[in-house]
Amino acid sequence: MFDIQEIRSQFTILGREVNGKPLVYLDNAATSQKPDSVLEVWNNYYTDLNANVHRGIHTLSQLATEEMELSRIKIQKFINAKHDFEVIFTKGTTEGLNLISYILTQKLKKDDEIIISYLEHHSNIVPWQLLCERTGAKLKVIPIDENGILQLDIFDQLLSEKTKVVSVNQVSNALGIVNPIEEIILKTRKNSGAYIVIDGAQSAPHFTIDVQKMDCDFFVFSGHKMYAPMGTGVLYGKHAVLEDLPPFHGGGEMIATCSFDGTTYAGLPFKYEAGTPNVGGNIALGSAIDFIQKIGQENIQHHENALLEYAQKKLLELEGIKIYGEKANRTGVVSFNLKEIGIASDVGMILDKLGVAVRTGHHCTQPIMEFFHIAGTVRASFAIYNTFEEIDVLVEGVKKAQRMLS
Ligand SMILES: Cc1ncc(COP(=O)(O)O)c(C=O)c1O
């Protein structure tokens with residue numbers, strides 16, 4: 001398969017210590033670490049190539065443009081989009097979702113409906129609430145059961161001709177639950193003419209993505225959660241859908257002609273890329289895709305699922321651990337609390353002293369926390385470079401927290 005130590009050696013940061021202990025980085029759902037190859041590409045851009053793109057006749061500008069457009073093609077292939085111009089560079093999932101909700105404003109009217117799920121990140125809730133405020137549309141929510149699984153029979157009842165948007169994540173960041181988006185998309189296509197938006201922030205780093213097979217209208221994800229620099233992201237939109245919708249930001253790059261009498265817009269993808277893009281970051285995102293593809297998405301998924309299974313088994317061997325979404329189909333995340341003792345942040349602080357980086361709190365998913373009547377969870381999330389030994393360190397740390405907090 002692959003040599004995990006060789007992969008770890010590609011990440012300088014993984015060799016550092018935290019609080020005198022080797023770093024055990026288990027906060028990958030928040031952001032992944034970046035391999036040296038990606039940092040090198042990013043650094044080379046600024047040391048050797050830096051120029052603004054698309055506007056220059058000079059050599060550096062042309063080279064920078066070529067590199068960035070090459071990266072767009074890598075992303076196109078990575079998600080199997082039909083055209084490279086369906087790939088829009090953004091600064092992350094949040095920007096992608098805000099962009100979509102903004103450009104759909106004219107398509108919605110009072111009493112239309114937008115369906116999201118209980119498992120959404122705030123960035124797939126608030127933009128739709130803002131759209132409802134602008135248009136008078138109503139937000140409907142697919143509920144979950146006690147295992148965190150979406151109740152699709154209720155989704156069936158929510159879907160109607162009034163439904164104009166269905167926006168759900170493929171994988172929940174708080175619980176790691178893999179949602180049945182294939183079924184959600186089929187049902188939506190069959191029973192409404194709604195736009196389908198998939199938040200792929202937690203799936204793109206772990207799964208093979210095929211937007212044509214998926215048949216969604218939009219798919220958004222963040223580069224920084226998949227080994228690329230922060231401030232990078234992608235919005236995929238179907239050609240015909242993007243052609244039909246208005247621009248988001250106005251400014252340079254997105255115009256064909258501009259005068260005081262009016263402006264005509266550039267074609268795709270530039271219509272949605274106003275202003276100077278994150279050229280170095282976007283090029284480095286292409287390099288992160290090279291990194292992923294060299295290992296192979298199936299190998300990544302296989303390894304991360306094995307880590308999850310091991311972590312869950314080891315944690316459940318301890319007395320008094322509650323895992324949220326324990327019985328659901330999950331990937332890459334274990335979200336838990338110590339029953340009756342301690343709050344998540346106390347556990348997180350004890351783990352930090354041992355060099356273990358986990359996230360604690362509501363993970364930008366307050367409705368999920370309300371559902372389970374908790375303030376937060378301890379979340380360990382995995383990437384390709386994590387090892388079974390690191391999970392042993394996590395479990396020993398949790399045992400220590402139990403002793404200290406009881
Ligand atoms: C499922 C999901 N959606 C959206 C986001 C927002 O991503 P970003 O902060 O990179 O814009 C996150 C980030 O954690 C996420 O996990």
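Whatever order the structure lists ligands and atoms in, that order sets their numbers, starting from 1.
- In summary, the atoms of ligand 1 found under 4.0 Å from a heavy atom of K225, numbered by their order in the structure, are 7 (O), 12 (C), 13 (C), 14 (O).
- What sits closest to atom 15 (C) of ligand 1 on the protein, heavy atoms only, is H121 CD2, 3.4 Å.
- When non-hydrogen atoms are compared, ligand 1 lies under 4.0 Å from neither the backbone nor the side chain of K91.
- Each of the atoms 3 (N), 4 (C), 5 (C), 6 (C) of ligand 1 lies under 4.0 Å from some heavy atom of S123.
- Checking only distances, E95 never comes within under 3.5 Å of ligand 1, N or O to N or O.
- Contact atoms of ligand 1 toward Q202: 1 (C), 14 (O), 15 (C), 16 (O) (distance under 4.0 Å to a heavy atom of the residue).
- Checking N52 against S61 by side-chain atom types alone, no donor-acceptor pair falls below 3.5 Å.
- Contact check on E317 versus K313 returns a salt bridge, with a Lys/Arg side-chain nitrogen under 4.0 Å from an Asp/Glu carboxylate oxygen.
- Judged by distance alone, the side chains of T163 and S192 never bring a donor and an acceptor atom under 3.5 Å apart.
- The aromatic rings of H83 and F85 sit parallel to each other, their planes meeting at less than 30°, with 60° as the upper class boundary.
- R72 pairs with exactly one of E66, E67, E273 by the salt bridge (Lys or Arg N to Asp or Glu O under 4.0 Å) rule, that one being E273.
- The residue E120 has no part lying near ligand 1, judged by heavy-atom distances below 4.0 Å.
- Of all the atoms in ligand 1, the ones that sit under 4.0 Å from a non-hydrogen atom of S222 are 7 (O), 8 (P), 10 (O), 11 (O).
- Protein heavy atom nearest atom 1 (C) of ligand 1, with residue, atom name and distance: D199 OD2, 3.4 Å.
- Which parts of ligand 1 touch T94 is read off a 4.0 Å heavy-atom cut-off, strictly below it: atoms 6 (C), 7 (O), 8 (P), 9 (O), 11 (O).
- Checking T365, N179, D199 one by one against N169, the side-chain hydrogen bond (donor to acceptor under 3.5 Å, both in side chains) holds for a single residue, N179.
- For the pair D217 and R189, the salt-bridge criterion is met [side-chain N within less than 4.0 Å of a carboxylate O].
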